[in-house]
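Protein chains get the first letters and strands the later ones, always in sequence-line order, with residue 1 at the start of each.
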Amino acid sequence: MGNCSVVVLDFETTGLSPHYGDRAIEIGAVLISDNEIVDRFQSLMNPGMRISSFIEDYTGITNKMLSTAPPVDEVMADFHSFMDQHHLVAHNAGFDCRFLDAELDRIRRKRVGEFACSMLLSRRIYPEAPNHKLETLVRYKKLKTTGVHHRALADAEMTGHLWIEILNNLKESFDLRDVSFDFMRRLSKVPKAKVPLFLKKAAEEQGY
DNA sequence: TGCCAGGCCCTCTTTAGGGCCTT
């Protein structure tokens, strides 16, 4: 497990709440090490239930596509190995965290790494952005787009590029050297009004 | 049986309400 390596992940699901029966239907993830994507994981998964026409339209994933996909439990066991002990990143991480933990519970496995949220960070680092949807931030920061929005691997890759952009912007604009995962997690929880002071203090403590 | 998300963040706030994000 490298110093600055994280797994950035994204789920497509049957709905918004795993506690009310929603399941994962696709996972996409990228492993980032030293500011580069060095590995990828992607799979559709058969949730054992029909998905709504809203989800078919929203994701482009159809019931027919899922009928030939491997079962969720099988894919999640593979993904458990892929994420290993890495820390995790997602856009609106609370959503993906709930689904990840719910699906891991079903196969009696646990997550080791902690989550950081690129949406909470973007709200603090880019308060002037039109909004903080992933799609908007990718356009606003002129990041590389690969594939179609609302498919898991494409969204995971774009979230990965956004994560790298946030790290670079913090280093360049705020004179920060130490942008460890723990630092990012702490920053994502600082009250928005106190972010400038938090970054100023961090830069001072790092010897500038 | 049927309920049907949850957490952050702002403000006309804290004995609350509503928009933003994710599918």
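Looking at every heavy atom in both residues, A:Ile166 comes nearest to A:Ser118 through CD1-O, 4.1 Å.
Here, B:dC4 and B:dT23 have their C1' atoms 14 Å apart, quoted to the whole Å. Taking atom C1' on both B:dG17 and B:dC12, the two are 11 Å apart, rounded to the nearest angstrom. B:dC9 and B:dT13 have their C1' atoms separated by 12 Å, with the value rounded to a whole Å. Using P as the reference atom, B:dT15 and B:dG19 are 22 Å apart when rounded to the nearest Å. Distance noted for atom C1' between B:dT14 and B:dG18: 16 Å (whole Å).
Regarding A:Phe115, its CZ atom lies at a distance of 12 Å from the C1' atom of B:dT22, rounded to whole Å. As a whole-Å value, the separation of A:Ile61 CD1 from B:dT23 P is 10 Å. Atom CG in A:Leu134 sits roughly 7 Å away from atom P in B:dT22 (whole-Å rounding). Regarding A:Met45, its CE atom lies at a distance of 13 Å from the C1' atom of B:dT23, rounded to whole Å. Across the protein-nucleic acid pair, A:Phe11 atom CZ and B:dT23 atom P stand 12 Å apart, rounded to whole Å. Put simply, NZ on A:Lys133 is 9 Å from C1' on B:dC21, counting in whole angstrom units. To the nearest angstrom, P of B:dT23 lies 11 Å from NE2 of A:His149. Put simply, CD1 on A:Ile55 is 11 Å from C1' on B:dT22, counting in whole angstrom units.
In terms of phosphate contacts, A:His132 brings a side-chain nitrogen or oxygen within less than 4.0 Å of OP1 or OP2 of B:dC21. The phosphate of B:dC21 (OP1 or OP2) has no side-chain N or O of A:His91 nearer than 4.0 angstrom.
Within the nucleic acid shown, A:Asp10 comes within 4.0 Å of sugar-phosphate atoms alone, with no base atom in reach, counting heavy atoms only. As judged by a 4.0 angstrom heavy-atom cut-off over every strand, A:Asp22 is placed among residues making no nucleic acid contact. Residue contacts for A:Thr14: at a heavy-atom cut-off of 4.0 Å it reaches no nucleic acid atom on any strand shown. Using a 4.0 Å heavy-atom distance criterion, A:Asp57 is classed as making no nucleic acid contact. At the heavy-atom level, A:Gly94 lies nowhere under 4.0 Å from the strands shown.
With hydrogens and angles disregarded, no donor-acceptor distance shorter than 3.5 Å links the side chain of A:Asp155 to the backbone of A:Asp10.
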Contacts under 3.5 Å, N or O only, protein and nucleotides 5-12 of chain B:
from  : atom 1 : to       : atom 2 : distance (Å)
B:dC9 : OP1    : A:Arg124 : NH1    : 2.7
B:dC9 : OP1    : A:Arg124 : NH2    : 2.3
B:dC9 : OP2    : A:Arg124 : NH2    : 3.3

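Two residues are said to be in side-chain contact when any heavy atoms from C-beta on lie closer than 4.5 Å; A:Met65 and A:Thr62 meet this criterion.
Neither side chain, A:Tyr140 nor A:Glu135, offers a donor N or O lying under 3.5 Å from an acceptor on the other. A:His91 and A:Thr159 share no donor-acceptor pair across their side chains, judged by distance under 3.5 Å alone.
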Output a table of donor-acceptor pairs, distance under 3.5 Å, between side-chain atoms of residues 181-200 of chain A and any protein atom two or more places apart or on a different chain; print 'none' if there are none.
from     : atom 1 : to       : atom 2 : distance (Å)
A:Arg185 : NE     : A:Phe115 : O      : 2.9
A:Ser188 : OG     : A:Arg185 : O      : 2.8
A:Lys200 : NZ     : A:Glu204 : OE2    : 3.2

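A salt bridge between A:Glu157 and A:Lys144 is absent, with no side-chain N of the basic residue lying under 4.0 Å from a carboxylate O of the acidic one.
Residues meeting the side chain to side chain contact (heavy atoms under 4.5 Å, CB included) test with A:Asn131, sequence neighbours left out: A:Lys133, A:Thr136.
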